[in-house]
Amino acid sequence: MAVYKQTYKDYSGTRTTPWFRFFILSRYSYARLFKSKFLVLFLAVCMFYPLGCAVFIYLSHNIPLLTALRLRSGAMPPIDGEFFNVYCVVQGALAFLLTTLVGPSLVAPDLANGAMSLYLSRPFSRTQYVAGKMTILLLLLSVITWIPGIVLYLIQAGCAGWDWARVHAWLAGSIVLGLWIWIVVLSLIALALSAWVKWKIAAGALILGVFFAGAGFGVAINNVTRTHYGAFIDLMQVVRTIWSDLFRNGSSADLSVTEAWTVLGVTCGLCLWLLARRIRAFEVVK
Amino acid sequence: MQTVVELARLSVCLGKREILTDLSVELSGRIIGLLGPNGAGKSTLILTLLGFCPVTRGTARVLGHDIRRHIKQVRTLVGYMPENDSFIADMTAVSFVRMMGELSGLPAESALERAHEVLFYVGLGEARYRTLGTYSVGMKQMVKLAQAIVHGPRLLILDEPTNGLDPRARRRMLRLIRDIRDSGQMHVLLCSHLLRDVEETCQEVLILKQGRIVHYANLAQERSVNQRFVEIETSGDNAGLAEALTKIGCTCTTSGGRLKMVLPEDFDLRQIYRVAAKRDLPLRRLNYRRDTLEDIFLKAMEA
């Protein structure tokens, strides 16, 4: 071996700004995640529905093509709040599946392998760690939710004209806000559960459990107690209530919009509390 | 010489238990040993210096920075090798060390270059593209050392660096620690149960017991002081020689056929030879009796 390789050399070069250091974690995680062909395939599948919607929007504005296909333009469902609400439900479900795929592997391995003390012994805070890990999910989920949603809105605006875009500008806001709420809640739950159980498989099962078992128990509680309180633990119903309100659709849900926002706020608070408890350089055994 | 670690009445509580109590010391050696039995508070002291444990009372400064007010600067200047397994199993060594370098503030290209350099330096050059999950215990220890030095820290904190190493790997680790010491570019704080490791590498030793400092020793000074202790082995009448040496000011005891003595100040060693020659007594061996670190440690534990 060359002699220079056996001698310790000091580092005296430049240092990067600490503000964007959290993104280093995201970068390395993406490199690892995208080694999985399944994930890449799943992301491609997630684009099918937005692509179908884009074709639908194009078709519904293309009278000659509709005529050629012997379809009446009036028979096509309108591109309105309900259309984008359905888009949110479909892409939201896919976002949930993507979260169960990616989320468990974010924090659990670091805690299980004791890597936390290595991260936090550097000029790198717990907040930056959580931000770095959360960015992974936020960007991935954005790619399949609100970004294609906004593209669909722009296609519709392009086809229907400036007047439609001006009158329906609130739709763009609803798409972005509604889906951001969902991906933030999903990311926080995934990170918190991944940090809590420290085991990838268990974390994945727990994420599924929180949503499906929550919905099941919610219905059971409603039936047994003949109240609507079970809906508080059904996060899917909670977020659907918010979406219905944002897209100005009538909701048949058991929850009021205020109750739904409160439940989401409490859920996010709980997740942040859990993360603050678990993301530490070492554990104190009392 | 720059003070590396300065503690002033430092106390740390975890839960309701006080783990460290009123620690006050200034450490400035190139390589400092931290010793103590299990539960003495060594690891807690290290975690406190890294800002992981909140200070209950007092202050602690690392390389002149208060750990309560300037913990980010402290962490920029410190490299930490934890005692337990700490790695990311599905990353290659080079990616792992590079990422740790970047998190310490190195630009991506410099971090990659440094990652290769330090992995060669710790002897993992050929295995640097293997995932860490496939590494042996010894290799994982070396990777931990590599990630601790990748960003060129001013203080390297090593918590039980020879844990789980076979004799060959242990020698290699100690050689690297001595090499880092001799490079003069960083100070080392070495926490170990193995007295021999500390004795072989350290200049200063801080001994903790039940969260308190029971002994602080500059090993080089202790060794020079110990030059007043001499051990003689003769092939004849020890008792007579002891009597004669006592008359010229030495304090002597005989044990196991050997004569141990404490020499007075400014004592000329040639007087011993003269006394022995007068008595026609051949001296078979004359050694300076050094207190080993084990002696120092045991005395501290008994105190």
Side-chain angles (χ1 to χ4, degrees), chain A residues 1-33 35-36 105-129 132 200 279-286, chain B residues 14-17 43 47 50-53 71-76 78-82 84-91 95-96 98-108 110 114 116-118 120-121 123 125 132-133 144 147-154 157 176 179-180 182-183 185-186:
Chain A
M1 191 192 295
V3 173
Y4 76 92
K5 287 175 178 169
Q6 292 180 312
T7 314
Y8 175 75
K9 281 195 291 182
D10 195 17
Y11 176 76
S12 53
T14 55
R15 304 255 171 187
T16 55
T17 170
W19 297 107
F20 299 104
R21 237 172 251 172
F22 71 91
F23 199 68
I24 294 165
L25 284 189
S26 317
R27 222 178 67 224
Y28 280 90
S29 294
Y30 283 133
R32 275 186 292 155
L33 284 173
K35 280 181 189 165
S36 160
S105 65
L106 293 181
V107 182
D110 286 346
L111 284 167
N113 292 322
M116 213 53 81
S117 58
L118 298 182
Y119 290 120
L120 301 180
S121 64
R122 291 162 201 283
F124 191 72
S125 66
R126 293 196 296 165
T127 314
Q128 282 175 308
Y129 177 84
K200 273 201 293 192
I279 307 293
R280 288 173 185 273
F282 73 105
E283 286 181 76
V284 179
V285 181
K286 291 182 183 174
Chain B
L14 293 180
K16 287 177 184 169
R17 281 179 59 214
S43 294
L47 295 175
L50 288 166
F52 296 159
C53 294
I71 192 61
K72 283 212 168 176
Q73 282 99 317
V74 170
R75 287 177 182 166
T76 307
V78 168
Y80 173 51
M81 176 183 173
N84 303 321
D85 262 359
S86 309
F87 58 92
I88 300 164
D90 56 352
M91 276 183 110
S95 303
F96 173 70
R98 181 191 182 186
M99 183 175 80
M100 290 299 161
E102 284 189 57
L103 290 177
S104 294
L106 270 62
S110 305
R114 289 281 301 176
H116 285 287
E117 275 177 20
V118 294
F120 268 106
Y121 177 63
L132 295 171
K144 282 198 287 179
Q147 65 76 31
I149 60 175
V150 65
H151 55 294
R154 293 281 162 270
I157 298 179
L176 283 170
D179 188 59
I180 288 168
D182 297 340
S183 73
Q185 285 159 339
M186 67 175 99

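Proteins get letters first, then strands, A, B, ... in listed order; numbering begins at 1 in each.
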Straight-line distance of B/Gln185 CD to A/Lys9 NZ, nearest 0.5 Å: 10.5 Å

Spatial distance of atom CG (A/Asp10) from atom CZ (B/Arg114) [nearest 0.5 Å]: 6.5 Å

B/Met81 portion near chain A, given a 4.5 angstrom heavy-atom threshold: neither

Segment of B/Ser183 engaging chain A (4.5 angstrom heavy-atom cut-off): side chain

Could you report the tightest heavy-atom contact between [X] and [Y], atom names first, then the distance?
{"X": "B/Lys72", "Y": "A/Pro123", "value": "O-CB, 4.0 Å"}
{"X": "B/Pro107", "Y": "A/Tyr11", "value": "CD-OH, 3.4 Å"}
{"X": "B/Tyr121", "Y": "A/Tyr8", "value": "CE1-N, 3.3 Å"}
{"X": "A/Arg21", "Y": "B/Leu103", "value": "CD-O, 3.4 Å"}

A/Arg32, part contacting chain B, at a heavy-atom distance under 4.5 Å: side chain

Pairs meeting criterion side chain to side chain donor-acceptor pair (under 3.5 Å) with involvement of residues 111-124 of chain A, two or more places apart: A/Asp110-A/Tyr119, A/Arg122-B/Ser104, A/Arg122-B/Gln147

Heavy-atom pair count under 4.5 Å with chain A, highest-scoring of B/Val74, B/Asn84, B/Val118, B/Ile88: B/Ile88

Option that, when pairs with chain B are counted at under 4.5 Å, heavy atom only, ranks first among A/Leu25, A/Thr14, A/Thr17, A/Leu120: A/Leu120

